[in-house]
Amino acid sequence: MSTLHSKAAQRFLETNKNARWHDDTFWVLRAKRDVMAHELDEWERLRDVACAIKRHTVTHLDRYLEQFVGNAERNGIHVHWAKDAEEFNQTVLSMLRKQGVKKMVKSKSMLTEECGMNPYLESHGIDVVETDLGERILQLMHKRPCHIVVPAVHITQEEVGHLFEEKLGSEKGNYDPTYLTYQARLSLRDEFMTAGAGMTGANFGVAETGDVVVCTNEGNADMSTSMPKLQIVAMGLEKIVPDYKSLAVFQRLLCRAATGQPTTSFTSHFRKARPGAEMHIILVDNGRTDIIGEPEHWETLKCIRCGSCMNTCPVYRRSGGYSYTYFIPGPIGINLGMLKDKVRYADNVSACTLCCSCDNVCPVKVNLSEQIYCWRQGLDSIGKADLVKKSMSLGMKYLFNHPQMYDTALKFAPITNHLPHVLMYNKLNGWGYGHEMPVFKKQPFHEIARNILKDEDKKGNI
Amino acid sequence: MSTKEEILSRYRRNMKVKGQYDMPDLDALNGIEYADAVSQFIAMSRTVGGEVVTLEPGADVNEVIRKAYPEAKVFASNVPGIAIAQRNPDTVESAQELNGTDVGIVQGDVGVAENGCIWVPQTMKERAVCFISEYLVILLSRNNIVSNMHQAYCRIRMTDYGYGCFISGPSKTADIAQALVMGAQAARGVTVILTD
Ligand code: SF4
Ligand code: SF4
């Protein structure tokens with residue numbers, strides 16, 4: 001007996017010759033994140049504070065939302081509320097129709113993905129153009145993201161080359177990433193110039209000022225909103241931070257944790273509409289006010305969608321984003337999927353060795369593995385605890401009964417090597433069957449990181 | 001009941017989290033400080049893919065820009081003293097008219113040593129000039145460089161236009177085969193000119 005995740009993971013490993021590359025690529029991101037963390041004496045303090053700000057904000061969200069909305073409205077922004085995906089999609093459509101918009105450019109937003117906005121708008125005759133390069137590639141290929149920050153990482157440059165030959169008329173056989181990026185730049189320029197509306201997501205909404213803050217490396221959020229007469233922001237309720245002082249903490253953590261860069265190239269603050277244009281913010285609930293009522297799981301609302309937990313997760317790295325059944329994969333996706341529909345997405349909870357690495361990199365300290373453990377404990381009650389999971393949870397209990405083992409990543413990760421062999425290498429360990437377990441190095445992480453970076457440097461990858 | 005009231009009352013009904021979570025004291029954070037913030041800023045700007053040049057006393061900024069971009073033909077700016085600009089983001093009819101600009105020149109307010117960010121508030125009608133130009137020149141006073149983002153967020157000001165951006169180097173992407181490429185959508189290169 002095995003779960004959907006473990007079957008998909010096995011397919012990924014069998015059919016994907018890039019499986020090894022996939023694993024290595026994410027480990028490099030993880031290593032770069034470590035270098036960033038080690039460069040700042042205050043890193044752990046920042047994480048503690050970020051966690052505390054988020055706990056405070058999501059438990060006082062009504063107050064901060066009112067403050068944010070009051071300020072945004074004073075700044076001339078139209079604020080709308082949507083209780084679910086349907087209301088969100090309808091609000092966007094009616095806004096576009098009112099202004100006679102046929103084409104909308106947009107930057108990356110996990111929320112629009114969550115709401116299924118693109119297919120909805122397309123079915124109503126709106127041309128939606130993704131402008132993040134990775135998202136654009138996937139859109140042209142009719143594929144979905146496999147990661148929340150680097151969505152098209154699993155697509156090879158040859159595949160992109162063939163795609164652009166067909167869709168953008170690029171040179172045959174030219175697979176050079178610089179060339180291909182430039183082709184996309186030229187084609188997207190036309191889209192920016194002619195779109196009637198521009199949409200962005202929101203990384204943060206600042207209650208004290210009403211600013212919407214969007215972080216990108218490409219500058220596509222700014223390109224999307226600097227020309228059209230209509231700007232729409234799609235924002236989940238939990239994106240609120242109290243003030244600029246808090247924002248500084250998250251700005252410092254987000255990109256360092258996500259890709260190991262000291263910052264994104266652009267941290268854009270939108271407070272008012274451009275001259276002669278309109279700006280709208282749609283605040284979306286879609287289950288968030290239910291999550292706050294989950295005593296074991298409300299802390300998922302702290303998540304800033306940095307993707308760091310995916311990069312570090314041995315199961316994610318070795319099984320790929322598509323092996324999870326929820327649209328957000330990896331540790332946070334397992335939990336968000338269960339919160340969305342715990343029967344439908346139950347398979348994903350098996351995609352975890354409880355190594356706790358995710359908890360230790362998360363910049364806002366979401367207790368990801370503990371939550372996954374809780375979900376597993378509850379599987380019986382929803383009739384989903386099959387043999388595999390029962391066997392797994394026995395093993396997990398063994399770990400959780402030894403709290404000193406469950407202390408920090410540095411101490412904990414090597415312990416995975418000491419798990420009862422039978423648990424790790426037998427067929428009952430759903431996801432581990434069919435491939436080797438990752439062996440955690442006993443070297444401190446920063447040393448590993450430095451070595452990897454040195455190697456990558458030699459290869460010219462950084 | 002409006003959707004807003006519905007959502008807020010649902011939140012209040014469901015908010016059963018036990019324990020009181022107060023705001024932490026952010027003033028006690030002590031972000032990283034550099035003995036020489038200007039050198040660190042210059043080093044970081046290069047790390048993130050930008051160039052930095054210093055405006056020597058008595059030098060003409062227009063000459064410095066020409067020298068940095070000898071091939072460029074179309075310049076756009078509304079910064080006083082930028083005489084080489086043929087286009088002005090204040091007077092163009094639409095943002096689209098700025099397409100095809102080789103070099104945009106803008107004024108930055110605050111530089112951040114830890115990550116090479118420069119706060120560029122909107123001081124022009126069409127902020128597209130900051131993104132649509134093939135290359136971007138940011139003028140920044142060396143006296144306005146701080147060590148970290150905590151300090152920067154205490155100093156930045158919004159203009160009446162209600163938009164501002166921290167820009168750190170050129171637009172970049174690694175979306176194709178994880179290879180770093182400059183100039184995905186916005187400027188393909190950035191030169192910071194440090195003034196007094
Ligand atoms: S605890 Fe589970 S979800 Fe988290 S990193 Fe380890 S295997 Fe992945
Ligand atoms: S749970 Fe933490 S590590 Fe994972 S995406 Fe969210 S903020 Fe990042």
Side-chain angles (χ1 to χ4, degrees), chain A residues 25 40-42 45 49 52-53 55-56 59 61-62 65 75 81-83 87 131 133-134 137 150 152-153 156-157 160 177-178 180-181 185 188 193 217-220 222-223 226-227 242 244-248 251-252 262-263 265-272 275 285 289-290 292-293 295 298, chain B residues 2-4 6-8 10-12 14-17 21-24 26 29-32 44 48 95-96 99 114-117 125-128 130-132 148-150 152-154 158 161-179 181 183-187:
Chain A
T25 298
L40 293 180
D41 284 344
E42 68 269 33
R45 252 188 349 264
V49 165
I53 298 170
R55 279 182 173 157
H56 168 75
T59 55
L61 202 53
D62 48 345
L65 278 166
N75 295 332
W81 297 71
K83 59 181 173 307
E87 192 172 2
T131 63
L133 179 55
I137 291 168
V150 285
V153 73
T156 66
Q157 64 201 85
V160 178
T178 304
L180 294 172
T181 301
R185 175 187 173 93
L188 283 170
M193 297 282 289
N217 270 325
E218 299 185 8
N220 57 318
D222 298 292
M223 286 295 286
S226 293
M227 279 173 271
Y244 270 5
K245 275 191 183 168
S246 328
L247 179 59
Q251 201 280 349
R252 298 187 76 200
T263 177
S265 303
F266 303 91
T267 307
S268 312
H269 294 54
F270 300 96
R271 190 179 289 183
K272 289 183 183 173
D285 181 352
T289 52
D290 291 328
I292 197 65
W298 66 274
Chain B
S2 71
T3 303
K4 173 183 177 179
E6 211 180 304
I7 290 173
L8 288 177
R10 191 179 176 85
Y11 171 83
R12 289 180 184 123
N14 285 348
M15 206 341 260
K16 304 181 204 109
V17 174
Y21 293 104
D22 295 326
M23 261 303 268
L26 299 183
L29 250 175
N30 296 331
I32 191 163
M44 267 327 289
V48 298
Q96 281 86 343
N99 197 29
E114 69 163 315
N115 56 14
C117 278
K125 178 169 85 69
E126 297 302 347
R127 65 178 184 242
C130 306
F131 311 104
I132 207 169
N148 60 53
M149 290 304 288
H150 307 294
Y153 270 112
C154 290
M158 273 282 183
Y161 283 114
Y163 171 87
C165 187
F166 280 107
I167 300 180
S168 170
S171 158
K172 37 186 111 54
T173 180
D175 277 346
I176 302 179
Q178 284 291 290
V181 178
Q185 319 290 349

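Note that these values count all heavy atoms, side chains included, but never hydrogens, waters or copies made by symmetry. Here is how names work: the chains are called A, B, and so on, in the same order as the sequence lines, proteins then strands, and each is numbered from 1. The structure presented is a predicted model; accordingly, all values stated were derived computationally and were not measured.
In terms of heavy-atom pairs under 4.5 Å with chain B, the best-connected choice from A:V153, A:N220, A:T59 is A:T59. By number of non-hydrogen pairs under 4.5 angstrom with chain A, the leading residue of B:G116, B:S168, B:A95 is B:S168. The greatest number of non-hydrogen atom pairs below 4.5 Å with chain B, out of A:D290, A:V49, A:T178, is found for A:D290. Most heavy-atom pairs under 4.5 Å with chain A: of the set B:R12, B:H150, B:R10, B:K4, this distinction falls to B:K4. Of the residues considered (B:K16, B:M158, B:E126), B:M158 shows the highest number of contacts with chain A, using heavy-atom pairs under 4.5 Å. Note: A:M193 leads A:M193, A:K245, A:Q157, A:M223 in heavy-atom pairs under 4.5 Å with chain B. Interface check for chain A: of the options B:G169, B:A187, B:G31, B:A174, the most heavy-atom pairs under 4.5 Å are formed by B:G31. Contacts with chain A were tallied for B:A128, B:A177, B:G164; B:G164 has the most, counting heavy-atom pairs under 4.5 Å.
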### Message
Quick one, A:M227 with B:N99, criterion side-chain contact (heavy atoms from CB on, under 4.5 Å). Give me CA distance, side-chain angles, the key distance, then yes/no.
### Response
CA-CA 10 Å; A:M227 279 173 271; B:N99 197 29; over 6 Å; no

### Message
Assess the residue pair B:V181 and A:L180 against the criterion (side-chain contact (heavy atoms from CB on, under 4.5 Å)); give the C-alpha distance rounded to whole Å, side-chain angles, the decisive distance to 0.1 Å, and a yes or no.
### Response
CA-CA 10 Å; B:V181 178; A:L180 294 172; over 6 Å; no

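Using a 4.5 Å cut-off between heavy atoms, B:L29 contacts chain A through both its backbone and its side chain. Interface remark: A:L65 contributes side-chain atoms only to the contact with chain B (heavy atom separation under 4.5 Å). For a residue to count as touching a neighbouring chain, one of its non-hydrogen atoms must lie under 4.5 Å from one of that chain's; by this rule A:P275 touches chain B with the side chain only. At a 4.5 Å heavy-atom cutoff, the contact between B:E6 and chain A is made by side-chain atoms alone. Both the backbone and the side chain of A:I53 come within less than 4.5 Å of a heavy atom in chain B. For chain B, the nearby part of A:E42 is the side chain; its heavy atoms alone come within less than 4.5 Å. The contact between A:T181 and chain B is made by backbone and side chain atoms together, counting heavy-atom distances below 4.5 Å. Looking at A:N75, neither its backbone nor its side chain comes within 4.5 Å of chain B, counting heavy atoms on both sides.
Ring planes of A:F270 and B:Y163: tilted class, angle from 30 to 60°.
Using a 4.5 Å cut-off on side-chain heavy atoms (C-beta onward), B:M149 and A:L247 make no contact. Within the 4.5 Å cutoff, no side-chain heavy atoms of A:V160 are placed close to those of B:D175. With a 4.5 Å cut-off on side-chain heavy atoms, B:F166 and A:H269 count as touching. Inter-residue side-chain proximity for B:C117 and A:Q251 is flagged as met; some heavy-atom pair is nearer than 4.5 Å. Two residues are said to be in side-chain contact when any heavy atoms from C-beta on lie closer than 4.5 Å; B:T173 and A:R185 fail this criterion. At least one side-chain heavy atom of A:W81 sits less than 4.5 Å from a side-chain heavy atom of B:L8. Under the 4.5 Å side-chain criterion, counting only non-hydrogen atoms from C-beta, B:M15 is not in contact with A:L61. Using a 4.5 Å cut-off on side-chain heavy atoms (C-beta onward), A:D41 and B:I32 make no contact.
Residues passing the side-chain hydrogen bond (donor to acceptor under 3.5 Å, both in side chains) test with B:K125, sequence neighbours excluded: none. Residues forming a side-chain hydrogen bond (donor to acceptor under 3.5 Å, both in side chains) with B:N148 (at least two apart in sequence, or on another chain): none.
Here the CD1 atom belonging to A:I137 is positioned 4.5 Å from the CD1 atom belonging to B:I176, to the nearest 0.5 angstrom. With rounding to the nearest 0.5 angstrom, the CG atom of A:D222 is 8.5 Å from the SG atom of B:C130.
Nearest heavy-atom pair, A:T267 versus B:Y153, reported as atom, atom and distance to 0.1 Å: CG2-OH, 4.0 Å. Closest approach of B:S171 to A:F266, counting heavy atoms only: CA-CE1, 3.8 Å. Annotation for B:V48 and A:P262: closest pair CG1-CG, 4.2 Å, computed over non-hydrogen atoms. The shortest heavy-atom contact between B:A186 and A:G219 is CB-CA, 4.3 Å.
A donor-acceptor pair under 3.5 Å links the side-chain atoms of A:S265 to the main chain of B:P170, judged by distance alone. Panel note: side chain B:N14, backbone A:T289; a donor-acceptor pair is recorded below 3.5 Å.
Side-chain contact annotation: A:T131 with B:Q185, donor-acceptor N/O pair under 3.5 Å absent.
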